[in-house]
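One structure is given here, and the rest of the page talks about it.
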Amino acid sequence: MRLSRYFIPVTKDVSSDEKMIASHKLMMQTGMMRQNAAGIYSWLPLGFKVLKKIEQIVREEMDRAGAIEMLMPTLQSADLWRESGRYDAYGPEMLRITDRHDRGLLYGPTNEEMITDIFRTYVKSYKQLPLNLYHQQWKFRDEVRPRFGVMRGREFYMKDAYSFDLDEASARVSYQKMFAAYLNTFNRLGVTAIPMQADPGPIGGDLSHEFLVLADSGESEVYCDKAVLDVPPPGEGFDFEDHDALIEEMEKRTKFYAATDEKHDEAAYAAIPADRQVKARGIEVGHIFYFGTKYSDPMKAEVQTKEGELTAIHGGSYGIGVSRLVGAIIEASHDENGIIWPDEVAPFGAGIISMKPDAEDCAAVADDVYAKLTAAGKDPLYDETSDRAGPKFGRMELIGLPWQVTVGPRGVKNGVVELKRRATGEKEDVSVEAAIARITES
Ligand code: ATP
Ligand code: MG
């Protein structure tokens with residue numbers, strides 16, 4: 001993409017609000033999004049690209065774990081929520097709407113009721129189980145204090161998956177698959193998200209985990225054993241048919257103490273050796289949950305067993321805050337100059353700075369780099385504007401693409417360009433070919 005033909009409304013001064021956290025400020029400065037109302041945002045081209053990249057990684061990892069994608073609407077019927085009893089229970093976070101025929105609607109804050117209704121309509125036999133359906137869709141929660149930009153919005157983008165099983169034992173396997181899928185997903189997104197014991201809700205048990213990215217600006221206070229942070233990342237991912245391996249992985253990651261303030265047990269924490277006690281702050285980026293027959297009982301989502309009896313299915317739900325992740329990744333990965341995008345979610349694979357776009361030899365080399373990186377599928381952002389060098393460098397640092405290629409007159413004379421890795425700041429003068437090779441290898 002040629003910067004001169006693109007739309008990145010970079011603005012240096014965003015707000016004097018001192019409470020504005022780094023990711024919010026950086027997203028405003030780089031023109032990734034625009035607030036339209038409290039907690040409601042337009043995703044401008046740069047932000048939208050990142051959102052779509054995260055969405056795609058989440059999709060690939062859900063698919064790999066055997067979940068099936070679909071799409072449910074944002075608006076839901078109030079009657080459905082009356083069946084589960086949540087229409088009254090949910091409280092003022094739910095945006096209730098009345099249509100012209102005086103029928104009650106709501107902007108969905110989550111989709112358990114709707115997916116249970118779909119399930120009960122079509123699935124009647126144990127033979128059709130297990131089943132895991134998911135979608136990625138906008139949600140609305142009328143948060144009292146929308147803040148931190150997209151991290152606590154009112155309208156936000158969520159991946160939510162729903163599993164259906166015949167009994168608890170089978171539901172546990174579905175849960176373990178999602179647990180592993182989450183490890184894969186966050187690993188690919190370039191963030192360390194730690195699973196923590198979460199409030200199990202009405203039925204108790206141990207099957208509820210929140211995944212938190214540690215960051216000073218996080219809203220949750222977290223307490224954990226340092227050993228949790230030292231568990232190595234999952235690597236290439238899991239074989240989802242190998243249940244023993246999935247169980248082992250989950251045990252490996254949950255055997256040490258890790259909890260948010262809501263679930264914190266001071267005595268258990270005190271029992272950890274003092275040099276391993278970690279108290280930090282975290283951002284909740286995912287939440288997985290087994291809730292048994294909470295919805296299938298009142299909504300009569302039943303299937304026939306092998307023996308011919310009707311039984312309520314056992315359900316679980318699995319959320320990922322896709323739009324919140326954009327902010328969380330920036331919180332975890334930035335410096336005083338701007339964002340440092342992990343390779344997999346970067347809006348562009350590399351930035352090219354043409355220092356003298358009106359000098360023919362310089363422009364020719366920069367055009368060549370642009371053509372080659374484009375052909376290599378690296379989707380580069382090409383700054384061929386006539387802005388001064390300082391602002392050009394500053395802008396590229398701020399946007400934070402993984403690689404920067406600078407084409408200047410002196411280098412061109414010597415047959416080299418400057419290659420810079422944003423994350424480390426390392427710079428090197430190399431030939432165009434070598435620069436392309438390094439970038440395409442990453
Ligand atoms: P929180 O405790 O942060 O309010 P929650 O526990 O109410 O979140 P869940 O119902 O577990 O949220 O939703 C699944 C995921 O959706 C969360 O883990 C989070 O990443 C994301 N999410 C929830 N609320 C918001 C919001 N207001 N803005 C952006 N993302 C959100
Ligand atoms: Mg939650």
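Both counts, for ligands and for their atoms, begin at 1 and track the order of listing. Please read all numbers here as calculations on a predicted model, not as lab measurements.
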Backbone, side chain, both or neither: what part of [X] comes under 4.0 angstrom of ligand 1, heavy atoms only?
X	result
R141	side chain
E284	both
E143	side chain
R152	both

R96 to Y87 six-membered ring, cation-pi geometry met (6.0 Å, 45°): yes

R422 NZ/CZ over W403 ring centroid, <6.0 Å and within 45° of normal: no

Centroid-centroid under 6.0 Å between Y162 and F291 rings: no

Check: Y6 ring centre within less than 6.0 Å of F348 ring centre: yes

Closest to atom 13 (O) of ligand 1 among E210, M158, H287 (heavy-atom distance): M158

Which N, O or S atom of E284 lies nearest to the Mg ion (ligand 2), by name: OE2

The Mg ion (ligand 2) to H287: nearest N/O/S atom name: ND1

Any donor-acceptor pair under 3.5 Å from Y182 side chain to G319 backbone: yes

Check: Q277 side chain, Y269 main-chain N or O, donor-acceptor pair, under 3.5 Å: yes

I'd like to check which ligand 1 atoms, numbered from 1 as shown, lie under 4.0 Å from a non-hydrogen atom of [X].
X	answer
G286	18 (O)
V150	29 (C)
V285	18 (O), 20 (O)
M151	28 (N), 29 (C), 30 (N)

Residues R438 and E441 bridged, charged N to O under 4.0 Å: no

Pair D117 + R120, salt bridge at N-O below 4.0 Å: yes

Check: E384/S4 side-chain N/O donor and acceptor closer than 3.5 Å: yes

Option from I353, L398, D383 for which side-chain contact (heavy atoms from CB on, under 4.5 Å) with F393 holds: I353

Do me a favour and list the nearest non-hydrogen protein atom to [atom] with residue, atom name and distance?
atom	answer
atom 22 (N) of ligand 1	F156 CE1, 3.5 Å
atom 15 (C) of ligand 1	G321 N, 4.0 Å
atom 25 (C) of ligand 1	R324 NH2, 3.4 Å

Any N or O of G153 closer than 3.5 Å to N or O of ligand 1: yes

